[in-house]
Amino acid sequence: MKITFGNTLPPRPPFMEGIRRAPDRGYTLTPEQTITALQNALRYIPEKWHEQLAAEFMQELRTHGRIYGYRFRPEGDLKAKPVDEYQGCCIEGKAFQVMIDNNLSFDIALYPYELVTYGETGQVCQNWMQYRLIMQYLEILTDEQTLVIESGHPLGLFHSPPDAPRVIITNSMMIGQFDNQHDWHIAAQMGVANYGQMTAGGWMYIGPQGIVHGTFNTLLNAGRLKLGIPQDKDLRGHLFVSSGLGGMSGAQPRAAEIAGAVSIIAEVDKSRIDTRYNQGWVGHITADIREAYHIASLAMQKQEACSIAYHGNVVDLLEYAEQKNISIELLSDQTSCHAVYEGGYCPVGLTFEERTHMLHESPERFRQLVDLSLQRHFEVIKKLVARGTYFFDYGNSFMKAIYDAGVKEISRNGIDEKDGFIWPSYVEDIMGPQLFDYGYGPFRWICLSGKHEDLIKTDHAAMECIDVNRRGQDLDNYNWIRDAEKNQLVVGTQARILYQDAVGRLNIALRFNEMVRQGEIGPVMLGRDHHDVSGTDSPFRETANIKDGSNVMADMAVQCFAGNCARGMSLVALHNGGGVGIGKSINGGFGMVCDGSKRVDEILRSAMLWDVMGGVARRSWARNPHAMETSEAFNNSHADGYHITMPYLADEEMIRKIIIG
């Protein structure tokens with residue numbers, strides 16, 4: 001198939017005022033590479049328009065560092081419509097169109113015109129020619145075909161049985177020799193690599209709600225572990241400070257409020273602050289550091305939840321606290337440090353506008369300022385931690401960026417990064433042992449009808465599937481879904497997130513499919529964040545609490561991807577990079593369309609348990625205590641068709657004595 005245009009090129013649509021635009025990513029290609037890049041982009045276009053578009057694409061490459069093909073973007077907002085309003089030959093083909101448009105809508109996408117959904121660089125695909133061709137393929141996709149997507153490019157439709165995936169996606173799967181940021185940057189300019197991040201390139205992003213629940217769990221458990229908060233209490237009277245109000249980080253103030261905390265979140269981009277304020281996800285805005293801490297102090301005294309957006313640099317915010325001896329109990333950072341030199345981190349001393357200008361005019365000087373700012377950021381955190389602050393890396397490659405900026409002191413083993421850093425990752429300390437090792441992770445669903453009443457029905461059905469007396473995590477998750485409607489978490493189409501373990505996900509999934517079968521609700525798309533129990537191998541994030549040396553291996557994520565393909569998930573994705581950067585993570589996700597059929601029931605029974613328990617099994621083999629408990633219990637409860645290999649435990653002191661001699 002080729003893109004159909006008719007006899008004339010589409011006119012160049014205008015850019016709407018007030019919509020965020022991506023910065024210049026940098027044009028660094030050689031003349032020969034540039035020729036190839038233009039040839040690559042023109043592959044989508046009939047030859048009669050090549051001369052005109054070659055000049056147009058060259059201009060985009062020079063000024064944006066990428067060829068986006070702006071001319072081929074549909075005009076206006078790509079807001080998701082109800083699934084029945086899309087053309088298609090199977091429900092999955094129509095469902096994926098819903099998800100793609102939701103990822104690229106003005107309400108959701110960070111840079112809609114550049115196809116960036118979140119995280120500074122996470123794209124649905126590389127350019128608008130790919131978007132058009134993907135959507136055309138999805139309109140003709142049948143239940144006996146699979147659409148293959150390679151770094152945003154739709155390779156084509158291939159015959160497959162009805163219980164095979166309808167779409168298989170890979171993004172930026174670089175050969176090891178070239179699996180680094182420099183070579184990836186060249187590949188991206190040439191139009192052969194797409195940074196799918198996680199749920200952007202897998203078309204399953206549901207807006208910042210997707211991370212609110214995880215942030216809520218993280219903050220609540222951090223308070224319990226580090227501040228002595230009882231299991232039945234919240235974070236009232238306690239202060240959380242962080243930075244970032246973009247696609248993922250924008251969840252921070254909302255999650256902190258739901259957890260009862262007072263939060264101050266720094267953000268240099270005023271448009272991102274305004275977005276969160278207009279959505280009701282942050283309560284106060286100020287560019288005055290003193291005012292930010294004053295509002296926070298009053299709220300803490302009153303034991304009231306409160307969220308404050310500080311329009312400025314987080315380094316200034318922290319240095320003020322250190323100088324004025326202000327106590328910060330919980331501290332993190334969620335700037336996009338996986339793209340630290342591409343605009344994901346703004347150096348202290350620069351405004352957001354100056355950052356954007358310098359990225360284009362003086363990229364090398366910008367890199368120098370980023371390194372200096374990271375060094376200064378490290379020093380102030382070190383002082384605050386020495387005074388009692390609990391700092392945790394929020395999985396954004398922040399500590400790795402500091403290490404790469406020349407601060408070798410942050411290395412835990414004093415030699416390299418393999419053993420992590422002197423401060424914990426939130427997965428290492430909190431999410432790993434408290435949630436992932438048990439199998440709890442960010443299960444999601446989207447009501448494809450677009451009807452809010454369907455979402456309410458699924459909320460209630462999910463609540464009925466949770467046994468609140470089983471574990472503390474179950475009670476937390478029940479309370480979350482009970483209050484989800486009150487907390488007004490939906491941004492974009494009608495979607496929900498709910499942390500669940502393997503059996504919990506399966507029970508809810510089967511219940512939803514039964515509801516579709518009975519006509520109680522329309523079709524439902526199931527999915528999860530790639531940031532989960534089994535989907536991601538990332539030594540500084542998802543697998544930060546893997547201590548047997550296998551944290552450098554990506555077998556788990558690849559096996560999860562392959563197993564979901566084999567079991568027939570509707571959409572299966574595998575990416576390089578994740579939330580931490582090229583070469584630092586391999587991550588995968590899925591989408592599963594519940595159409596009410598018995599076929600889907602059988603896929604769910606096989607795939608949902610595999611998707612979670614494969615990761616629990618790996619964590620158990622790494623000798624994580626809670627994962628071993630969960631695996632042993634699973635072996636007993638599912639002995640009819642499953643068995644997880646259990647480790648023998650060697651005594652560490654005995655081994656030490658033998659080594660010493």
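In this chain, residues are counted from 1 in sequence order. What you see is a predicted model; the values in this text were computed from it and never measured.
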Worksheet item: If only atom types and distance count, is the side chain of Asn513 paired as donor or acceptor with the main-chain N or O of Gly596 below 3.5 Å?
Response: yes

Item to complete: Can you spot which of Asn102, Ile446, Leu526, Thr117 makes a side chain to side chain contact (heavy atoms under 4.5 Å, CB included) with Met204?
Response: Ile446

Worksheet item: So do Val167 and Ile149 actually touch side chain to side chain, heavy atoms under 4.5 Å?
Response: yes

Worksheet item: Is a side-chain donor or acceptor of Ser263 paired with a backbone partner of Phe240 at a separation under 3.5 angstrom?
Response: no

Fill in: Criterion side chain to side chain donor-acceptor pair (under 3.5 Å) on Asn217 and Asp476, from CA distance to verdict
CA-CA 8 Å; Asn217 276 327; Asp476 285 346; over 6 Å; no

Item to complete: Please determine if Asp419 and Lys547 form a salt bridge, counting it only when a charged side-chain N lies under 4.0 Å from a carboxylate O.
Response: no

Fill in: Check: Asn587 main-chain N/O paired with His575 side-chain donor or acceptor under 3.5 Å
no

Worksheet item: Quick one: ring pair (Phe, Tyr, Trp, His ring centres under 6.0 Å) pairs with a partner in residues 486-508, sequence neighbours left out?
Response: His213-Tyr499

Worksheet item: Any chance the side chains of Asp333 and Ser243 put a donor and an acceptor closer than 3.5 Å?
Response: yes

Discussion item. Please tell me whether Trp480 and Phe216 form a close aromatic pair, meaning their ring centres lie under 6.0 Å apart.
Written reply: yes

Worksheet item: About how many Å separate CG of Asn103 and CD1 of Ile206, when rounded to the nearest 0.5 Å?
Response: 10.0 Å

Discussion item. Measuring centre to centre across the rings, with the benzene-like ring taken for any Trp, is Tyr205 within less than 6.0 Å of His530?
Written reply: no

Worksheet entry | Sidechain-backbone polar pair: Asp537 side chain, Met556 backbone, donor-acceptor under 3.5 Å | yes

Practice prompt. Mind checking ring-ring contact (aromatic ring centres under 6.0 Å, His included) for Trp610 and listing every partner two or more places apart, or none if nothing turns up?
Written response: none

Worksheet item: Distance-only, no hydrogens or angles: does the Arg623 side chain make a donor-acceptor pair with backbone N or O of Arg619 under 3.5 Å?
Response: no

Discussion item. Distance alone, cut at 3.5 Å: any donor-acceptor contact between the side chains of Trp445 and Thr458?
Written reply: yes

Practice prompt. Answer yes or no: is there a donor N or O on one side and an acceptor on the other, between the side chain of Arg618 and the main chain of Ser534, under 3.5 Å?
Written response: no

Discussion item. With a 3.5 Å distance limit and no angle check, can you tell me whether Thr215 reaches the backbone of Ala251 through a side-chain donor-acceptor pair?
Written reply: no

Worksheet item: Does the Arg482 side chain pair with the main chain of Tyr478, one donor and one acceptor, at a distance under 3.5 Å?
Response: no

Worksheet item: If only atom types and distance count, is the side chain of Asp555 paired as donor or acceptor with the main-chain N or O of Val558 below 3.5 Å?
Response: no

Worksheet item: Quick one: do Arg505 and Asp532 make a salt bridge, cutoff under 4.0 Å?
Response: yes

Worksheet item: For Arg528 and Cys560, which heavy atoms make the closest approach, and how far apart are they?
Response: NH2-SG, 3.5 Å

Practice prompt. Mind checking side chain to side chain donor-acceptor pair (under 3.5 Å) for Asp474 and listing every partner two or more places apart, or none if nothing turns up?
Written response: Tyr440, Arg470

Worksheet item: More than 12 foreign heavy atoms under 6.0 Å from CD of Gln303: is that the case here?
Response: yes

Discussion item. Less than 4.0 angstrom from a charged side-chain N to a carboxylate O is my criterion; do Glu417 and Lys584 meet it?
Written reply: no

Discussion item. Closer than 4.0 angstrom, basic N to acidic O: yes or no for Asp501 and Arg471?
Written reply: yes

Worksheet item: Does a side-chain heavy-atom distance below 4.5 Å link Gln209 with Val491?
Response: no

Discussion item. Strictly below 4.0 Å, N to O, side chains only: are Lys400 and Asp393 in salt-bridge contact?
Written reply: no

Discussion item. Strictly below 4.0 Å, N to O, side chains only: are Arg656 and Asp651 in salt-bridge contact?
Written reply: no

Worksheet item: Under a 4.0 Å N-O cut-off, is there an ion pair linking Arg599 with Glu92?
Response: yes

Worksheet item: Between Glu257 and Arg254, is there a salt bridge with N-O shorter than 4.0 Å?
Response: yes

Worksheet item: Does the side chain of His238 reach to within under 4.5 Å of the side chain of Leu330, using non-hydrogen atoms?
Response: no

Worksheet item: Would Asp416 and Tyr403 count as having a side-chain donor-acceptor pair, cut-off 3.5 Å?
Response: no

Discussion item. Among residues at least two apart in sequence or on other chains, which ones pass side chain to side chain donor-acceptor pair (under 3.5 Å) with Thr389?
Written reply: none

Worksheet item: Quick one: ring-ring contact (aromatic ring centres under 6.0 Å, His included) partners of Phe590, sequence neighbours excluded?
Response: none

Discussion item. Please determine whether the number of non-hydrogen atoms from other residues, nucleotides or ligands lying under 6.0 Å from atom CD of Gln488 exceeds 12.
Written reply: no

Discussion item. Could you work out, with ring-ring contact (aromatic ring centres under 6.0 Å, His included) as the rule, every residue matching Phe96, not counting sequence neighbours?
Written reply: none

Worksheet item: Is it true that Phe392 and Tyr390 have ring centroids separated by less than 6.0 Å?
Response: yes

Worksheet item: Does Met198 offer a backbone N or O that forms a donor-acceptor pair with the side chain of Tyr118 under 3.5 Å?
Response: yes

Worksheet item: Would you find more than 12 non-hydrogen atoms of other residues, nucleotides or ligands less than 6.0 Å from Gln231 atom CD?
Response: yes

